[in-house]
2 protein chains.
Amino acid sequence: MGRNRTKSGKIRLAEVAELAGVSPITASRFFRNPEALSLAKRTRVESAARELGYVPNLAARALASQRTEVIGVLIPSLTNNVFSDVLRGIYDASENSRYSIQLSNTRYSILQEEKLLRLFLAQKPAGLIVTGIDQTTESRAMLDAADCPIVQIMEIGPDPIDMMIGFSHYDAARAAVAHLFAQGHRKIGFVGARMDPRVQRRLDGYVSAMKDAGLFEQRLVVTTATPTSVTLGGALFTDLLTREPGMDAVFCANDDLALGVLFECRRREIAIPEQIAIVGFNDLEFMASAVPTLTSVRTNRYEMGNTAASMLIDAIDGRRPEHPVLDLGFKVIERQSSSARRSDNRPAVSGAGAANKMVALPSGHD
Amino acid sequence: MGRNRTKSGKIRLAEVAELAGVSPITASRFFRNPEALSLAKRTRVESAARELGYVPNLAARALASQRTEVIGVLIPSLTNNVFSDVLRGIYDASENSRYSIQLSNTRYSILQEEKLLRLFLAQKPAGLIVTGIDQTTESRAMLDAADCPIVQIMEIGPDPIDMMIGFSHYDAARAAVAHLFAQGHRKIGFVGARMDPRVQRRLDGYVSAMKDAGLFEQRLVVTTATPTSVTLGGALFTDLLTREPGMDAVFCANDDLALGVLFECRRREIAIPEQIAIVGFNDLEFMASAVPTLTSVRTNRYEMGNTAASMLIDAIDGRRPEHPVLDLGFKVIERQSSSARRSDNRPAVSGAGAANKMVALPSGHD
DNA sequence: GTCTGTGCTGGTAGCGCTGTCAACGTTCCT
DNA sequence: AGGAACGTTGACAGCGCTACCAGCACAGAC
């Protein structure tokens, strides 16, 4: 056996076929569509492959079949822990499939995204996951013309390219503000960093809610293009406080900023929520643990990535979902930092997040 | 032109060659080793490729050349933000090279690692980045036999497979404990989660430092196999406090735990650092922003990933580094949470981390 | 003038696999 | 009995690229 090995010493499909006593093409079929083989040959090929430790050569397969088993993923940031949750979901879903993930970082640039898209598309990916709904016209054209399934993640909007999974950042922000209104807050500040399209839509949601209540003032909004950080949260909050000392609540575009605000309040001995209420966004793990515990808008990041990859793989395999657009919703998780009145002025010793009251549920339009 | 396009409509090398008026093989050389062409042909091929928008077919290239331009990366976790920094470094370094990254998650299982390694190696990667120095015997054998450069990251140790970049977690932990000793602390607790090999070595460093000082007691150590979180930090600290109420400092195996301890202290109204000092590990961004600011051991995660990928790419291209083992060291960043006496009993309003005093520098053995 | 070496170029022959289509045997129907 | 239908199998011909080696022109050495 193995008398005609490839020079690299690797086992080829031909060797497996020879050992199994079938033609190479039959052995090939075993790996792609085992049901097409008779039970006898199937077991023969299987044991031959196992015995020889055969691993298919993906390059040869890709070349011959004119398609790859690669799912391209375009995300804007590797730093942001929001995306690490999404990615984990994607990788988990891909793990038991035959598809592998090819990840690229657009760095929040739609031009960079366009460039990467061109590169990806040239390699004929099996599927594509792209972030958001803001692409260049050129990118959009390429995606529309692509002959593979595509999922847009992180948010939902009109006119999907193919499939779409996310939630309405606009509605989520409105819900957060509505929650603060319900607690009696009126002068609600907005703190935002990076200002990518999704943060922008959170700002839009905030603005619309404030305007609806006749409470909007431009000086209540502080934003920057700088990437987010805890420290930045403190700095932006300081800005906001200078502009509007009478502020009674802050809605932060993400949880890092909210933590920064919390610490800054502590530095300034501002009582939370008595003097200032805080609401964050994303509901990262630490929010339930902070003192006081921090209210946040929970988003289903892992599920988003996981479902996106599952839907994509199903679509690649010809099982298109009934509903190509999936709204995963959000929840306002109400905690101490925004409760109308604290039951006890000193923090509870009992531990964090004992009772996370949920306020607004699933989501969006409809 | 294009009279013999491939059916998929894609431009092939042959088309480029035809337009440039050279043979396909010459055009091929242009992309692999442009210096080998005469200037005239080089410019002709270049403009032909640009004009046609040629993108090479990587599958065909891989099949013909018997090697891929893929760098395999094996990391134990996608959740842990320590790895997101490392990954960012890796992706950044790969971005301007012709290599692409293939990422897989071992989930802290060396058996899973072995399985993934087998898969990777079968595709003849151009290079490999693996986490840590604890592989199965089988994995080790495969890696030793692999005919591509390999970099081990996150820590350094004896007997590198090929290249290695990281720092001594053992020494870093000893330095953290030494810093606490220097501040006058004696009953120093250890809080650790997940207990992967690197956390284990931090514990070992802590134990040895404590034993050297004759201060080690088993009940000062609280660990769990549970993945780390801020909330867990509070819970483990609570445990520790029950066992040893007289404790005057805690060394946390990572910053999330440290933040959890900080919040738990706040809940219990334990003054930091007067009653208990805190030292974390990794120096994540929020440590400088917390109130009080938190001492931590700074590790060069981005640089580790970035340098690892750069070294690897250089090695693939035949430029092996002078020193295959690189110790990136660490720094104990001393902040309020472990200062011997606070200049002012109330936290400074001025903002965080104004003066990060560095204590122990670079590192390890030398 | 012949020979050797160097720089550049091209022809040939695959890399390992799969798409396509034809062919076979068997069953079931008319 | 003849034929259609199905399930199963195999032969052939590439996929687009590169390794290998041969060949050419030219320069310098003898």
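Please read all numbers here as calculations on a predicted model, not as lab measurements. So you know, we letter chains A, B, ... as the sequences are listed, proteins then strands, and number each from 1.
The phosphate of C/dG14 (OP1 or OP2) has no side-chain N or O of B/Gln66 nearer than 4.0 angstrom. Listed pair A/Tyr54 / C/dC17 meets the phosphate criterion, a side-chain N or O lying under 4.0 Å from OP1 or OP2. Between B/Arg67 and D/dA19 there is a side-chain N or O to OP1 or OP2 distance below 4.0 Å. Here B/Ser65 does not reach the OP1 or OP2 of D/dT18: none of its side-chain N or O atoms lies under 4.0 Å away.
Heavy-atom distances under 4.0 Å link DNA chain C to B/Thr26, B/Arg29, B/Ala36, B/Leu37, B/Ser38, B/Lys41 of residues 26-41 of chain B, given in residue order.
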Check: residues 308-318 of chain A side-chain donor-acceptor pairs under 3.5 Å, at least two apart:
unit_1, atom_1, unit_2, atom_2, d
A/Ser310, OG, A/Asn306, O, 2.9
A/Asp314, OD1, A/Arg319, NH2, 2.6
A/Asp317, OD1, A/Tyr99, OH, 2.8

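Taking A/Arg50 as the reference, A/Glu46 meet the side chain to side chain contact (heavy atoms under 4.5 Å, CB included) condition, with sequence neighbours excluded. With sequence neighbours excluded, the residues satisfying ring-ring contact (aromatic ring centres under 6.0 Å, His included) with A/Tyr54 are A/Phe31. The side chain to side chain contact (heavy atoms under 4.5 Å, CB included) search around B/Asp196 returns B/Tyr108, B/Arg194, B/Arg198, B/Val199, not counting sequence neighbours. Scored by the salt bridge (charged side-chain N to carboxylate O under 4.0 Å, His left out) test, A/Asp144 finds A/Arg140 as partners (sequence neighbours excluded). Residues forming a salt bridge (charged side-chain N to carboxylate O under 4.0 Å, His left out) with B/Asp85 (at least two apart in sequence, or on another chain): B/Arg88, B/Arg301. Remark: B/Glu113 pairs with no residue by the salt bridge (charged side-chain N to carboxylate O under 4.0 Å, His left out) rule, at least two apart or across chains.
Atom CZ of B/Arg42 is separated from atom P of C/dC8 by 9 Å (rounded to the nearest Å). Going from atom CG of A/Leu63 over to atom C1' of D/dG16 covers 5 Å, rounded to whole Å. Between the CZ atom of B/Arg44 and the P atom of C/dC8 there is a distance of 15 Å, rounded to whole Å. Rounded to an integer number of Å, the gap from CG of B/Leu58 to P of D/dT18 is 10 Å. Atom P of nucleotide D/dC15 and atom CG of A/Asn57 are separated by 18 Å, given to the nearest angstrom. Distance CG (B/Leu13) to P (D/dC15): 14 Å, rounded to an integer number of Å. Following rounding to the nearest Å, A/Glu69 (CD) and C/dC17 (P) show an atom-to-atom distance of 13 Å. Following rounding to the nearest Å, B/Glu18 (CD) and D/dC17 (C1') show an atom-to-atom distance of 17 Å.
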Checklist outcome for this item: For DNA chain D, the expected dot-bracket line (Watson-Crick or G-U under 3.5 Å, [ ] crossing, | inter-strand) is ||||||||||||||||||||||||||||||
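Comparing B/Ala64 and B/Ile25 by the nucleotide of DNA chain C that holds the closest heavy atom to each, the one mapping nearer the 5' end is B/Ile25.
Judged by distance alone, the side chains of A/Gln123 and A/Thr68 never bring a donor and an acceptor atom under 3.5 Å apart. When only modelled atom types and interatomic distance are considered, B/Ser94 and B/Ser97 share no side-chain donor-acceptor pair under 3.5 Å.
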